[in-house]
Engineer: 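Let me begin by handing over the structure; questions about it come next.
Everything numeric in this text was worked out from a predicted model, so none of it was measured.
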Amino acid sequence: MEYKFTDANFERDVLQADLPVLVDFYADWCVPCKMMAPIVKELAEKYDGRVRIGKLNIDENPNVTMKYGVMSIPTFILFNNGQKTGSVTGAVSKNELDSMLQNR
């Protein structure tokens with residue numbers, strides 16, 4: 001299941017989550033973000049119950065975007081126990097994201 005993260009729910013759904021969380025920082029107008037969407041959805045299904053995977057629209061949620069210094073999109077940040085434990089920016093391969101999740 002793919003989650004929708006916002007400035008309002010980020011603390012509860014990401015930082016206080018009892019699972020690792022992968023956040024996809026994206027925008028609707030971003031072509032590479034659209035290219036990554038099916039991969040993110042597939043990984044969300046693969047890791048359901050083990051890793052919470054979801055998206056955060058940077059245009060609608062500027063506070064979290066600024067807090068984590070997201071300057072380019074897509075950016076994927078992995079959180080574990082409320083801490084940033086990994087990140088990758090750009091349209092990357094499914095294998096690269098999968099490896100990041102396996103090594104969480």
Engineer: Do L22 and M100 pass the side chain to side chain contact (heavy atoms under 4.5 Å, CB included) test, and can you show the C-alpha distance, the side-chain angles, and the key distance before you say yes or no?
Structural biologist: CA-CA 9 Å; L22 180 69; M100 188 163 90; 3.4 Å; yes
Engineer: Determine yes or no for a side-chain-to-main-chain donor-acceptor pair under 3.5 angstrom, with N61 supplying the side chain and V64 the backbone.
Structural biologist: no
Engineer: Compare every heavy atom of F25 with every heavy atom of I73, then report the nearest pair and how far apart it is.
Structural biologist: CG2-O, 3.5 Å
Engineer: Does Q102 have more than 12 heavy atoms from other residues, nucleotides or ligands lying within 6.0 Å of its CD?
Structural biologist: yes
Engineer: If hydrophobic clusters are built from ILVMFWY residues whose side chains come within less than 4.5 Å, do L56 and V70 share one?
Structural biologist: yes
Engineer: As a quick check of understanding, evaluate side chain to side chain contact (heavy atoms under 4.5 Å, CB included) for I53 and Y47, giving each step before the final call.
Structural biologist: CA-CA 8 Å; I53 298 176; Y47 286 94; 4.2 Å; yes
Engineer: Indicate the atoms forming the closest heavy-atom contact of I77 with S87, along with that distance.
Structural biologist: CG1-CB, 4.0 Å
Engineer: What are the two closest heavy atoms between R50 and L19, and how far apart are they?
Structural biologist: O-CD2, 3.7 Å
Engineer: Report yes or no: do I58 and L15 belong to one cluster of Ile/Leu/Val/Met/Phe/Trp/Tyr joined by side chain heavy-atom distances under 4.5 Å?
Structural biologist: yes
Engineer: Test your reading of the model: is there a side-chain donor-acceptor pair from T85 to the backbone of L78, 3.5 Å cut-off?
Structural biologist: yes
Engineer: Taking all heavy atoms of N9 and all of K4, pick out the closest pair and write down the distance.
Structural biologist: ND2-O, 3.1 Å
Engineer: Checking side chain to side chain contact (heavy atoms under 4.5 Å, CB included) for the pair D98/K46: CA distance, chi angles, key distance, verdict?
Structural biologist: CA-CA 10 Å; D98 201 18; K46 177 180 178 179; 2.8 Å; yes
Engineer: I need the single residue from V40, V23, L43 that forms a side chain to side chain contact (heavy atoms under 4.5 Å, CB included) with F76. Which is it?
Structural biologist: V40
Engineer: Report yes if some heavy atom in the side chain of D59 is under 4.5 Å from a heavy atom in the side chain of W29; otherwise report no.
Structural biologist: yes
Engineer: Looking at CD of E2 and CZ of R52, how far apart are the two atoms once the value is rounded to the nearest 0.5 Å?
Structural biologist: 13.5 Å
Engineer: Do F79 and F5 make the cut of ring centroids closer than 6.0 angstrom?
Structural biologist: no
Engineer: More than 12 heavy atoms of other residues, nucleotides or ligands under 6.0 Å from CG of N81: is that the case?
Structural biologist: no
Engineer: What heavy-atom pair brings E96 and V88 nearest, and what distance separates the two atoms?
Structural biologist: OE2-CG2, 3.3 Å
Engineer: Counting N and O atoms only, with roles assigned by atom type, does the side chain of D7 sit under 3.5 Å from a partner on the main chain of N63, one being a donor and the other an acceptor?
Structural biologist: yes
Engineer: When clusters are formed by joining ILVMFWY residues with side-chain heavy atoms under 4.5 Å apart, either directly or through shared neighbours, do Y68 and V21 land in the same one?
Structural biologist: yes
Engineer: Would you name the heavy atoms of L97 and M36 that are closest together and state the gap between them?
Structural biologist: CD1-CE, 3.8 Å
Engineer: Answer yes if L101 and I39 sit in the same cluster of Ile, Leu, Val, Met, Phe, Trp and Tyr residues linked by side chain heavy atoms under 4.5 Å apart, and no otherwise.
Structural biologist: yes
